[in-house]
Each structure stands twice: as C-alpha cells, then as structure tokens.
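Inspection log for the structure reproduced underneath, given as structure tokens.
Bear in mind the structure is a predicted one, so any value in this text is a computation, not a measurement. Chain identifiers are assigned alphabetically (A, B, ...) following the order of the sequence lines, protein sequences preceding nucleic acid strands; residue numbering begins at 1 within each chain. Because only heavy atoms are used, hydrogens play no part in the values below, and waters and symmetry mates are left out as well, while side chains stay in.
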There are 2 protein chains.
Amino acid sequence: MKHGSIVMAYRRTPRMQQRIDATRAQIADAARRLVAAAGYAGTGVPDIARAAGISTGSIYRHFPSKAVLFQEVFQKASRHEIAAFAQAAQVPGTAPERLAGMVETFARRALQGRTLARALLVEPVGPELDADRRRFRAPYQALIEEVLSEGIAAGELVGQDPRITSICIVGAIVETLLGPLSEPSGCEQGSEEEDALVRALVAACVRTAGPLPLAPRSE
Amino acid sequence: MKHGSIVMAYRRTPRMQQRIDATRAQIADAARRLVAAAGYAGTGVPDIARAAGISTGSIYRHFPSKAVLFQEVFQKASRHEIAAFAQAAQVPGTAPERLAGMVETFARRALQGRTLARALLVEPVGPELDADRRRFRAPYQALIEEVLSEGIAAGELVGQDPRITSICIVGAIVETLLGPLSEPSGCEQGSEEEDALVRALVAACVRTAGPLPLAPRSE
DNA sequence: ATAACAATTGAACCGTGTTTCATTTCTTTG
DNA sequence: CAAAGAAATGAAACACGGTTCAATTGTTAT
C-alpha cells in the first residue's frame, strides 16, 4: 500500500465474459468430439484439455467436475436428437404410421452418429451418469407413449398399458442398434444391410404397438 | 545339501488338488454373493478375500485378474438362468404360448435376483466385461429366435426376420426390468404391481412376435 | 505505467482399487 | 524328523484418473 490513491478493482467486462463463454463452449465441443471418437471411458480430463488447447486445471474453472461437464455435453447432444424425434411424432397419420416414422428416425440418426449415440445410449459409465442416461431415454419413451395413447383412444391400437409398451419399444430399438453401434463397421451406412435392419426393426416395433386391422367403429 | 540322500520333490496330490479346487470355488462363491449384494462396482478384490476368509494375494493364485474372476462368476450365474429359460422354451404349445412362458420366466427370476440380475444385465462395467454381457444375452436371444422360427414355419406367427424380432424382445425385457431392478424397492416382490408389470411385458412381447389369429391352413 | 485482480497453467496430489513379492505356513516325501 | 517346495499371507507398490493450488500470465482501470 504505497500511496493512498484507490485503484479501481478489475471488473468482469463484456469482452472478458465473451472470452470465458467461448472457452467454455470450446471445452464442451472438444469433449463432445472426443466422446464421439473414443467413447466416454476413453476420454480423460487431460485429453479434453489438450483437444481444447487449454490446460487441465482450466477445465475446473469452467466446470466443477468431469461429471457435470459431460452432463452438459450429453444434454446438448441429445436435445438435437429429441427434437428430431418429436418432429417425427408430429407428422399426421395413424398411430402405427407415426410410430414407424419415429422409430426409423431414431434408428437412422443413431446409426449415423455411432460412437456418440453409443455413449449416450449404452456405454458403461459411472452411477451418476447412469441416472442421466435413463433421463435421456425418458423423453423418447414419453413421446412414444403419447402416440400409443392416442392410437388406443382412436381405436387404431389394441388395448394395452402404453407405458410398458413404450418402454419395450425403446428397449427394442436400443438393443437392436447396440450390436451395430458397437462394431466400428458393423453395417455400412446407407448400405442394403442397414436398410434391412431398419425395416425389420420398424416392423417389430409396430407389431409391439398392436395395430388393429381396420375397425373404425364398434360393430 | 547336508547329506547325499535325494529327498523327493513335493508333488501335487489329489488331496491337495481338492483343497485348491475348494478354495477356488469359495472365492467364486464369495464374489457372487458380494456382487448380488453390492453390485459389481461396489465389490473390490480385498472385499472378496475377506468374505472368502483368505488373503487378497491368494486370489491371484487362483485367478489371473479380477476381470477373469468375474467372467467365471457371471458365466456360472447365468448358466442357471439360461437353463431355466431353455426349459421354459421346451414346454409344448404354440409359439406365442411358449414365448409368453419364457418371458415370464425371465422376468420373474430377474425380479427375484435383483442386484445380481442387474449386474448381469445392465450394470456399468469395464469394456472387457461389456463384451461378456453381450455374450450373456445371446443365449436368450437364440432361444427366442428358435421359437420364433418354429412359429413362423408353423403359420402361428407372421412373416418376419426372427433374428431382429428376438433381439427386440430381449431389449424390451431388459429395458422394462431396468427400472425396477435399479430401485431397491421399486416394486415389491410378489406384489400386485409386479404382476401387472409382468403381464403387460408378456403381452407386449407376444405382440412383437406377431401371432396370427387362427389360420391353420392356407385358404 | 502500474496496481489490482481474474484467468490460466501444469505439475503435484490424492483416493481408489489392482497387483506384486518377500516372508511365512503347510504338506509331502525320504 | 528334516528337507523341499508349493500355497498363503498381507503390507507395500503401482497404475490410473480426477482434482487442486502456488506460481504465472493476462486484462482492466487509474
């Protein structure tokens, strides 16, 4: 304290805030890319720092922990997917038709995304993120359940517990894609094989929903 | 070398071999019990040693690594389940009837086992065991596929890819049980709730198989 | 220019859980 | 009983990854 002149404190300026936000986004983006390439297990905090061009310690100025960082990454990544899925749910048509479109949308996008989809859907992670993954699957299930309920009310589907059925359909999709998603070149993208897989999956899911032939009104 | 008399070497005698086998079994059994109680993540090698009444290091005389130990534990545990499932597959009846029995068997046993089933079916583990788990699900899928193929040939089920359908059914079962298996007291064993769950699951799986009404012969 | 303070660095830290190994205990054989 | 060697011990070493923090660099305001 040499002299009494009060020097004003450093304040967070817009320019600085922008810089911070950019770094934060850079970290999240690097994490997303690494997870998409190496999976969750194969992505350490130092790896992310290197990929983002910053230091390990800096990560922790922007995120309190690795778990929270990935929570954000996963949520952001899944928002896109869920939006696409929700859009498919809104096309007009009978419940079975809509369901078919939804399942196909899900499957095609997952097969395109591969490793990221695998990380989101099935890759083993710690218990904290495990709960998150269930939360990630839930929106799909809810959208399916909604369509099923409407289909039942409209007499397009047999009577059933739409909640359980929707869970079954989500499980069916994930399990079917699990194999292809695990093998790097399980079935080539855009191949005949992929088409056959998706067709069979869609058919099975529609059957699970139990479409009624054509009974518009009670006899 | 005090005196020239050649003292014969120690040789592995039947008695000793029996002892070794017993210890090995003891280790595997302790591991199984601990996994059933605390899950895979919550079971360390020292824990197993303590439960088996031996030292940590001894484990490594009997198993080269923790991964191999659990491989054996999981395989042995699943043998029982698969045997029960295979038995359910052999009861006489139509394909839909048999499938219903199989699904119910699987679900009831899994809900009874809880933590062990969860460890086998869904608990996050390392990548080595991940492949094992897929191998663990495969026998169920194969048995279902077999029943489906027979049902299709017999005209009891609609035309379909039985492989994909069987994968879907396995996924449906696992996904449906995942919730209850995760929550310690999700739905009480032997409860009304459990019955409803199993009924809905069985119904959904049978629909997935696509039973045909009653068309014994082509018109 | 320089005080004040935030952001960044990266090597060290720490907890957890697996694996090792010098030592001890036990079993068999002459 | 003594020698030989396998089996068991358990404390210590190790590996791995996330997290921390003292030192440094960068930015703002006077």
Side-chain angles (χ1 to χ4, degrees), chain A residues 1-24 26-27 30-31 34-35 38-71 124-129, chain B residues 1-24 26-27 30-31 34-35 38-71 124-129:
Chain A
M1 314 336 173
K2 293 269 184 60
H3 45 80
S5 81
I6 295 165
V7 177
M8 268 299 112
Y10 174 103
R11 284 241 148 251
R12 183 171 290 181
T13 194
R15 168 142 166 40
M16 203 58 212
Q17 184 59 49
Q18 191 176 339
R19 186 175 160 67
I20 290 170
D21 292 348
T23 304
R24 189 187 167 85
Q26 226 167 9
I27 294 169
L34 286 181
V35 157
Y40 177 77
T43 305
V45 174
D47 299 325
I48 298 167
R50 208 173 313 119
I54 62 168
S55 72
T56 308
S58 252
I59 302 273
Y60 287 86
R61 177 155 305 274
H62 296 275
F63 298 92
S65 72
K66 190 194 182 190
V68 171
L69 163 54
F70 274 98
Q71 214 169 306
V125 291
E128 328 87 33
L129 292 182
Chain B
M1 315 325 179
K2 293 269 185 60
H3 46 80
S5 82
I6 295 163
V7 177
M8 266 300 109
Y10 175 102
R11 284 241 146 253
R12 184 172 288 181
T13 194
R15 170 144 164 37
M16 202 59 210
Q17 183 60 49
Q18 191 176 339
R19 184 175 160 70
I20 289 169
D21 291 348
T23 303
R24 188 185 169 86
Q26 226 167 10
I27 294 168
L34 287 182
V35 158
Y40 177 76
T43 305
V45 174
D47 299 325
I48 299 167
R50 207 172 315 117
I54 61 167
S55 70
T56 307
S58 250
I59 303 271
Y60 288 86
R61 177 157 303 276
H62 296 275
F63 298 92
S65 73
K66 189 195 181 189
V68 170
L69 162 55
F70 274 97
Q71 212 168 311
V125 290
E128 329 86 32
L129 291 183

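Atom-to-atom, CZ of B:Phe63 to P of D:dA8 comes out at 12 Å; the value is rounded to the nearest Å. Residue A:Ile48 contributes atom CD1, which lies 16 Å from atom P of C:dT8 at whole-angstrom precision. Rounded to whole angstrom, the span from the CZ atom of B:Arg19 across to the C1' atom of D:dA8 amounts to 9 Å. Atoms CZ (A:Phe70) and C1' (D:dG18) sit 12 Å apart, rounded to a whole Å. With rounding to whole Å, B:Ile59 atom CD1 is found 13 Å from C:dG17 atom C1'. In this structure, CZ of B:Arg61 is placed 13 Å from P of C:dC21, rounded to the nearest angstrom. Rounded to whole angstrom, the span from the CD1 atom of A:Ile20 across to the P atom of D:dT27 amounts to 12 Å. In this entry the distance linking OH of B:Tyr60 with C1' of D:dA11 reads 15 Å, nearest Å.
Comparing D:dG18, C:dT19, D:dT9 against the side chain of A:Lys66 picks out D:dG18 as the nearest. In the set D:dT27, C:dT18, D:dT9, the nucleotide with an atom closest to the side chain of A:Met16 is D:dT27. Picking from C:dT8, D:dT9, D:dG18 the nucleotide with the shortest atom distance to the side chain of A:Ser55 gives C:dT8. Checking C:dT18, C:dT8, C:dA11 against the side-chain heavy atoms of A:Thr23 singles out C:dT8 as nearest. Taking the side chain of B:Ser58 as heavy atoms from C-beta on, and the options D:dA8, C:dG17, C:dT8, the nearest nucleotide is D:dA8.
Under the salt bridge (Lys or Arg N to Asp or Glu O under 4.0 Å) criterion, B:Arg19 pairs with no residue at all, not counting sequence neighbours.
Checked for salt-bridge contact, A:Asp47 and A:Arg50 meet the test: a charged N lies under 4.0 Å from a carboxylate O.
Residue contacts shown for A:Gly44 are limited to sugar-phosphate atoms, with no base heavy atom under 4.0 Å away.
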Inset, instruction - Tell me, with the steps shown, if A:Ile48 and A:Leu69 meet side-chain contact (heavy atoms from CB on, under 4.5 Å). - result: CA-CA 11 Å; A:Ile48 298 167; A:Leu69 163 54; 3.9 Å; yes
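Look at A:His62 and you won't find any side-chain N or O under 4.0 angstrom from OP1 or OP2 of C:dA7.
In this structure the side chain of A:His62 reaches within 4.5 angstrom of the side chain of A:Ile20, judged on heavy atoms.
Minimum interatomic distance between B:Val35 and B:Tyr40 (heavy atoms only, all atoms of both residues): CG2-CA, 4.3 Å.
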